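Reading through the structure tokens given below for one structure.
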Amino acid sequence: MILGLLFFLFIFLIPIAGECLSLYQQGEQALAMGNLAKAKHIFYKIPPFVNKQKNPDFLKARLLLARLYYNQKKYNLAQKECLTILKYFPNHKETKSLLHEIQNLNQPVIIQFFKDTYKYLPALLKGTLMTLILVLFTMLVSPFGGLLIALGRISRFYPLSSLCWCIIWLFRGTPLLLQLFFIYYGLPALGITLKPLTAAFLGLGLNYSAYLAEIIRAGIQSIDAGQMEAALALGMTYSQAMRRIIIPQTYKRIIPPIANEFIALIKDTALVSTIAMVELMRSADQLFNTYFDVKILILAGLIYLILTSIFTLIFEKVERKVGAYEQK
Amino acid sequence: MNKNNSPLLELKNIHKKFGKVIAIKNVNLKLYSGEKLCIIGPSGSGKSTLLRTINFLETIDQGQIFFQGKEVGYVYKKGKRILDKAKNISTLRAEIGMVFQHFHLFPHMTVLENVMEGPRTVQKKSKDEAKQIALDMLSKVGLLNKKDVYPVCLSGGQKQRVAIARALAMKPKLMLFDEPTSALDPELVGEVFEAIKKLAEEGMTMIIVTHQMGFAKEMADRVIFMENGEIIAQAQSKEFFSSSNMPKRIQSFLNKILE
Ligand SMILES: Nc1ncnc2c1ncn2[C@@H]1O[C@H](COP(=O)(O)OP(=O)(O)O)[C@@H](O)[C@H]1O
Ligand SMILES: [Mg+2]
């Protein structure tokens with residue numbers, strides 16, 4: 001009985017639902033079922049003006065058709081659609097660039113490659129800038145964070161050293177992605193809502209401080225105990241001895257592993273794309289979802305390679321400099 | 001030596017244990033200004049530990065240390081003995097120079113910077129003043145020409161002379177030498193002894209742990225023989241090395257060393 005009623009309702013509702021859909025949505029439905037001819041038929045019924053106003057559905061429908069034709073390599077049809085759109089929407093950027101692309105098809109591949117690169121680069125470079133900001137921030141902050149945690153870790157004050165041990169244990173023992181999720185999506189449940197950038201700074205800063213802390217601690221403990229004794233015997237305080245004698249001697253030993261971490265950092269910043277940060281990875285992702293062009297991914301990869309290479313070179317220079325006193 | 005004055009350094013009844021190992025047992029010692037004291041004794045007898053308790057690189061379990069007539073290192077609160085503030089202990093250390101067996105020069109600083117470091121960082125002297133002091137000290141140990149090199153470029157003997165200059169730059173009232181020549185090749189021992197002797201002639205008060213009996217004989221006003229953390233003999237240098245009724249144990253030690 002109830003089933004019968006439901007069936008009746010169902011039959012009855014389908015045409016109503018159909019009528020509620022706009023022409024554009026109906027066309028999309030037809031496309032989803034793979035019926036291009038029907039979709040085109042429906043799309044062509046959409047008028048360019050409604051109540052003397054430009055109709056955005058007209059634009060959307062024709063642009064979709066143009067893209068489809070383009071992907072099917074029916075360039076003449078695609079061009080026709082673009083020109084139609086531009087008749088009513090003469091300033092529409094995406095249409096213009098699509099038309100441009102079609103008209104450029106006859107050009108040599110290499111020129112086309114450069115043109116595409118030129119098209120994608122501004123967005124990618126903007127993302128790169130954000131990636132650089134994240135990298136530089138973490139590179140500046142984490143050595144100090146790491147030093148503080150390392151000093152706490154080797155402190156003889158038990159509560160402090162166990163606290164620092166816990167911080168290291170926690171941030172090195174869980175995925176950075178999880179930490180970022182927790183800070184951005186989890187903390188609001190505890191009443192703390194952070195902006196994406198703040199969350200990214202916090203996550204990267206804490207994670208990398210914890211990693212560097214272990215490197216710095218190992219560096220400090222690798223210095224001959226006689227150095228601390230000689231400094232104390234001169235009358236230095238513990239902090240003077242650390243600052244003037246012990247820590248400067250660790251540079252040579254800790255810079256190579258820290259450089260390693262920093263190279264990993266450049267790539268790890270891609271993880272913050274998951275917490276609504278638009279950096280290089282996210283920019284590439286967005287572009288790719290619009291153009292489905294593999295060149296975008298290659299370009300993003302090249303930019304990452306350039307960044308890691310530059311930083312590798314810088315670190316090698318620094319390494320050579322700080323170890324200089326060991327050479328006769 | 002005017003023994004009517006109060007001693008520069010006095011150790012009263014010092015005890016020190018490392019876990020169950022007794023390193024220092026019931027040590028009493030008075031050292032007067034200008035005096036040169038040599039400590040000899042077999043390895044592990046507590047010589048280094050004793051030296052290190054004087055500037056509190058080691059804490060003591062029992063006893064009292066007086067420097068310039070004042071008890072140092074510990075304060076008493078409600079009858080309880082507690083370690084003095086780190087700052088006061090640093091101040092004490094600044095007045096006592098120490099030279100280690102393995103030099104412990106700061107490898108990331110040039111020779112000049114090594115010697116300037118104390119006056120600069122501890123005494124907060126101006127750069128020019130610290131540099132002047134450092135140059136004076138380096139010329140005293142005959143290493144002015146090495147002032148701009150890093151320690152890695154020096155021979156063992158030169159390193160130890162820089163270490164002496166570094167300690168002297170603090171204008172200490174007392175110098176402690178812990179086997180200053182034991183890590184050196186024999187042909188480099190002489191130059192370090194010369195530097196220490198020069199210092200002695202200028203009237204520096206010093207305690208030297210050494211296995212070089214010739215040096216002890218020549219330098220020391222007084223000699224202490226330690227074994228198992230205890231002072232088992234002490235005498236004026238001349239008596240010590242000539243006495244016919246020297247305990248057997250010391251004699252056999254000296255014979256072994258002099259071989
Ligand atoms: N930091 C330490 N921890 C444990 N035992 C120590 C320490 N320093 C010295 N000792 C022990 O104390 C005793 C005295 O050592 P030390 O003063 O170095 O002797 P010496 O300098 O006469 O060779 C030795 O048995 C040594 O093993
Ligand atoms: Mg010793």
Side-chain angles (χ1 to χ4, degrees), chain A residues 143 147 150-152 154-161 215-258 315 317-328, chain B residues 48 51-52 54-58 85-111 113-124 148-155 159 162-163 166-172 174-176 178 183:
Chain A
L147 179 61
L151 288 175
I154 58 178
S155 150
R156 256 175 262 156
F157 183 55
Y158 186 71
L160 181 62
S161 71
I215 295 173
I216 294 169
R217 181 191 61 81
I220 289 174
Q221 290 180 337
S222 78
I223 303 299
D224 175 26
Q227 291 292 310
M228 177 55 93
E229 298 210 325
L232 292 180
L234 268 184
M236 288 192 205
T237 61
Y238 179 81
S239 70
Q240 283 173 333
M242 273 291 171
R243 214 170 49 237
R244 299 281 309 163
I245 308 301
I246 307 299
I247 290 168
Q249 288 185 55
T250 66
Y251 294 158
K252 179 175 51 88
R253 293 174 204 199
I254 65 177
I255 282 176
I258 286 181
F315 293 142
K317 269 236 167 84
V318 175
E319 242 167 77
R320 247 173 283 145
K321 220 169 203 176
V322 294
Y325 60 82
E326 288 234 316
Q327 275 124 43
K328 291 200 183 199
Chain B
S48 296
L51 224 49
R52 292 157 56 80
I54 293 171
N55 64 1
F56 287 88
L57 286 180
E58 302 289 357
K85 276 190 283 218
K87 212 178 126 220
N88 292 342
I89 291 180
S90 291
T91 308
L92 169 72
R93 286 172 180 153
E95 298 196 76
I96 301 175
M98 186 157 198
V99 173
F100 301 87
Q101 183 176 351
H102 295 287
F103 333 123
H104 302 322
L105 290 183
F106 306 134
H108 59 304
M109 297 178 176
T110 64
V111 164
E113 287 165 347
N114 262 276
V115 183
M116 283 171 68
E117 188 57 22
R120 277 294 275 162
T121 302
V122 179
Q123 295 174 331
K124 309 273 187 231
D148 293 320
V149 306
Y150 284 97
V152 71
C153 306
L154 300 176
S155 72
K159 280 183 190 163
V162 173
R166 178 177 69 181
L168 289 180
M170 293 293 290
K171 307 270 155 80
L174 167 66
M175 285 286 288
L176 309 173
D178 190 1

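Reminder, nothing fancy here: chain letters follow the sequence lines and each chain counts from 1. The model shown is predicted, which means the values in this text are computed figures rather than measured ones. Only heavy atoms go into these numbers, but all of them, side chains included; no hydrogens, no water, no symmetry mates.
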Inter-residue atom distance [X].[atom1] - [Y].[atom2], 0.5 Å rounding:
X      : Y      : atom1 : atom2 : value
B:H102 : A:D224 : NE2   : CG    : 9.0 Å
A:L234 : B:R166 : CG    : CZ    : 5.5 Å
A:T237 : B:I89  : OG1   : CD1   : 12.5 Å

Inset, instruction - Kindly say whether A:R244 contributes a backbone atom to a donor-acceptor pair with the side chain of B:H108 at under 3.5 angstrom? - result: yes
Legend entry - Student check: side-chain heavy atoms of B:M109 and A:P248 closer than 4.5 Å: no
Inset, instruction - State, yes or no, whether a side-chain contact exists between B:R52 and A:E229 at a heavy-atom distance under 4.5 Å. - result: yes
Legend entry - Heavy-atom pair count under 4.5 Å with chain A, highest-scoring of B:A86, B:A94, B:P107: B:P107
Inset, instruction - Count the heavy-atom pairs under 4.5 Å between each of B:V149, B:L105, B:N55, B:T110 and chain A, then report the option with the highest count. - result: B:L105
Legend entry - A:A230 to B:F100 - nearest heavy-atom pair and separation: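 Smallest heavy-atom distance, with atoms named: CA-CE1, 3.7 Å.
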Inset, instruction - Locate the shortest heavy-atom distance separating A:M236 from B:S90; write the atom from each residue and the value. - result: O-OG, 3.5 Å
Legend entry - side-chain contact (heavy atoms from CB on, under 4.5 Å) assessment of A:I245 paired with B:E117: CA-CA 10 Å; A:I245 308 301; B:E117 188 57 22; 4.2 Å; yes
Legend entry - B:L176 portion near chain A, given a 4.5 angstrom heavy-atom threshold: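 No part of it gets close to chain A.
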